[in-house]
Number of protein chains: 2
Amino acid sequence: MNFHPHDMEQLAQRFKILGEPARLQILATICDQERSVQDICHRTGLHQANASKHLRMMKDAGVVACRKKGVWRYYRIVAPEVLSLCLRAQKSLKQAETPLVRDNSQMEAVE
Amino acid sequence: MNFHPHDMEQLAQRFKILGEPARLQILATICDQERSVQDICHRTGLHQANASKHLRMMKDAGVVACRKKGVWRYYRIVAPEVLSLCLRAQKSLKQAETPLVRDNSQMEAVE
DNA sequence: ATACTATATAACTACTTAATAATATAATCA
DNA sequence: TGATTATATTATTAAGTAGTTATATAGTAT
């Protein structure tokens, strides 16, 4: 792992997007299909203005995009790797939670 | 992608850790070997108190652990998946930056 | 014991940002 | 046209947090 400063910033920026439960919720609702802001709000419980802001942020970051149809804006994910990142991170968290084999080699980690 | 609220929180928490350049820098310096706080500070340019705080946070989150030897504390990564997450995210960011084939199907993303 | 060094912690400041409320814009419909 | 609806934007407030300074703690060395 040997990143240039700029890459490091960019990487952190990408992780920062995923570091917010509200945005993960939004991504979860549009992971398999595009949805209107209303739809997203109903499913996540987020207020419209709040959801709109998160969506704007993720759009600027190139994570989602939207299609305009009449009054509606349908958002979808355009950076599918964020989904695999979530699944991967989730999996490792679960494994850490209930390890099949207790690893004593790092017991002092707890101190 | 269908997470329980608690899992979502936990997932966001994990990403939040990686969403900070200073912490990515720290992780980069200890990705292949344990290092003392001094060493980390010198390599990253972070102030001692600041590095200490970031390390404390990552220790509480189970991402790093430390070994005490005299006055020194040697920190190491104990959640190696964060490294693969970084590499994976970095890779996809690079790909998005310079796509081999321009994908016009999502041009309206830019609006 | 005293001085020095490594690390942690606490207090503080400054900055960021999430959530909310209010308003603006624009499309639809009666 | 006026009313309604969907979304975006702006302003505001509150909470979180990164960085810094100062101090505490605990090893080490003289």
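The sequence lines fix the lettering, A, B, ..., with proteins before strands; numbering per chain opens at 1. Worth saying up front: this structure is predicted, and the values here are computed from it rather than measured.
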Could you check if a side-chain atom of [X] sits within less than 4.5 angstrom of a side-chain atom of [Y], using non-hydrogen atoms only?
X	Y	value
B/Ile30	B/Asp39	no
B/Ser84	A/Arg88	yes
B/Glu34	B/Ile77	no
B/Arg43	B/Gln25	no

Among the nucleotides D/dT7, C/dA8, D/dA6, whichever has the atom closest to the side chain of B/Val37 is C/dA8
Of the candidates C/dA10, C/dA6, C/dT7, the side chain of B/Ala49 sits closest to C/dA10
message: Looking at the base of C/dA6, is there any donor atom on it, or on the side chain of B/Gln48, that sits under 3.5 Å from an acceptor on the other one?
response: no
Checklist line | Base C/dA8 paired with B/Lys53 side chain (donor-acceptor, <3.5 Å) | finding: no
Starting at [atom1] of [X] and ending at [atom2] of [N], how long is that distance when rounded to a whole Å?
X	N	atom1	atom2	answer
A/Lys59	D/dA8	NZ	C1'	10 Å
B/Met57	C/dT9	CE	P	15 Å
A/Tyr74	D/dT7	OH	P	8 Å
B/His42	C/dA6	NE2	C1'	11 Å
A/Lys69	C/dA26	NZ	C1'	17 Å
A/Asn50	D/dT7	CG	P	15 Å
B/Ile40	C/dA8	CD1	C1'	14 Å
A/Leu55	C/dA19	CG	P	12 Å

For [N], take OP1 and OP2 only and decide whether either is under 4.0 Å from a side-chain N or O of [X].
X	N	value
B/Arg56	C/dT9	yes
B/His47	D/dT20	yes
A/Gln38	D/dT5	no
A/His54	C/dT17	no
B/Arg73	D/dG27	no

So CD of A/Gln90 and CG of A/Leu85: to nearest 0.5 Å the spacing works out to 13.0 Å
Does B/Tyr75 reach a base, just sugar-phosphate, or nothing at all? Heavy atoms under 4.0 Å. sugar-phosphate
Between A/Gly70 and A/Glu20, whichever has its closest DNA chain C nucleotide further toward 5' is A/Glu20
Ranking A/Lys16 and A/Trp72 by the position along DNA chain C of their nearest nucleotide, the one closer to 5' is A/Lys16
